[in-house]
Amino acid sequence: MKIKYITPFLLFSVLSGCANPLPVNDEVMLLDAAFVFDYLENEENEKLASLLFNGGYYSFPNEIKIDKTLVAGDQLSITFNGDYSVTCQEIYPSKCLVEGEIKSYTLIETRIRSMHIDHVTIKDIADEFQKSFKLDNKYVILDREGRYTTLDSYEGHDLWLSENKRKMTDFNACLEGSPIYIAGLYAYDPR
């Protein structure tokens, strides 16, 4: 596998710990879905969040079609026949070209938790909430277009939390008493 690092956003590893390990004889690329904020705007000049893999746009030699709804914390696992290479342009967000023969790919869905709070809003418990979870960011995604607000401004009573699958695996967070790593906060059920 050849990787040309032109951007610090590329991180590749193989699942370990509590999840099922991937075959070691194949060349596997594992990409994490996460939000990028303040990049896109809609017609009303509102900033929008974008859900990207490893902070960038990826182009592949074969078409990769994901038929399921992508959620922050999901992972795209791509198995190649032989070596592959990745070249990224150093822009924000990065644009990456992947070369190699794709054998197979799969979307590994993350776990989504939901919570409902009576009598107060989420913003009223934001400080306590942030102490209970390890958050990748402190924004709540409000709709499918990507509008968002800060956690301490969110007036809702319901919240959906998508786990950061990589961190849950890498830090053995499936063990009882371990912290829960959250990749995304949603005002609606993202699946």
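Note that the coordinates shown come from a computational prediction; the quantities given were computed from them, not determined experimentally.
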Q. CG of Leu107 to CD of Gln75: how many Å apart, nearest 0.5 Å?
A. 9.0 Å
Q) Rounded to the nearest 0.5 Å, what separation is found between the CZ atom of Phe37 and the OG atom of Ser50? A) 9.5 Å
(Q) Please list all pairs meeting side chain to side chain donor-acceptor pair (under 3.5 Å) that have one or both residues in residues 109-118, counting only residues at least two apart or in different chains. (A) Arg113-Glu163, His116-Asp118, His116-Asp158
Q: Identify, with sequence neighbours excluded, every residue that meets salt bridge (charged side-chain N to carboxylate O under 4.0 Å, His left out) alongside Glu101.
A: none
**Q.** Listed partners of Thr150 passing side chain to side chain contact (heavy atoms under 4.5 Å, CB included), at least two apart
**A.** Tyr139, Asp152, Ser153
Q. Measuring from Tyr84:OH to Glu27:CD, what's the distance to the nearest 0.5 Å?
A. 6.5 Å
Q. With sequence neighbours excluded, what pairs up with Glu99 under the salt bridge (charged side-chain N to carboxylate O under 4.0 Å, His left out) test?
A. none
Q) Considering the options Lys68, Lys165, Arg191, Arg166, which one meets the salt bridge (charged side-chain N to carboxylate O under 4.0 Å, His left out) requirement together with Asp74? A) Arg191
Q.
For Tyr186, give me all partners under ring pair (Phe, Tyr, Trp, His ring centres under 6.0 Å), at least two apart in sequence or on another chain.
A. Phe35, Tyr188
(Q) Lys131: which residues meet the side chain to side chain contact (heavy atoms under 4.5 Å, CB included) condition with it, sequence neighbours left out? (A) none
**Q.** Side-chain (Ser94) to main-chain (Gln89) donor-acceptor, under 3.5 angstrom
**A.** no
Q) Would Arg147 and Glu44 count as a salt bridge (charged side-chain N to carboxylate O under 4.0 Å, His left out) if you check the C-alpha gap in whole Å, the side-chain angles of each, and the deciding distance to 0.1 Å? A) CA-CA 11 Å; Arg147 289 180 186 89; Glu44 293 84 33; 3.7 Å; yes
Q) Excluding sequence neighbours, so at least two apart, what forms salt bridge (charged side-chain N to carboxylate O under 4.0 Å, His left out) with Lys47? A) Glu41
Q | Donor-acceptor pair, side chain of Ser162 and main chain of Gly184, under 3.5 angstrom | A | yes
**Q.** Pairs where residues 52-62 contributes a residue and the test salt bridge (Lys or Arg N to Asp or Glu O under 4.0 Å) is met, not counting sequence neighbours
**A.** none
Q.
Could you work out, with side chain to side chain contact (heavy atoms under 4.5 Å, CB included) as the rule, every residue matching Glu63, not counting sequence neighbours?
A. Lys65
Q. Can you name the residues that form a side chain to side chain contact (heavy atoms under 4.5 Å, CB included) with Ser59, not counting sequence neighbours?
A. Leu97
Q: For Thr121, check side-chain hydrogen bond (donor to acceptor under 3.5 Å, both in side chains) against everything at least two apart and list the hits.
A: Asp124
Q | Qualifying residues under side-chain hydrogen bond (donor to acceptor under 3.5 Å, both in side chains), relative to Lys134, sequence neighbours excluded | A | none
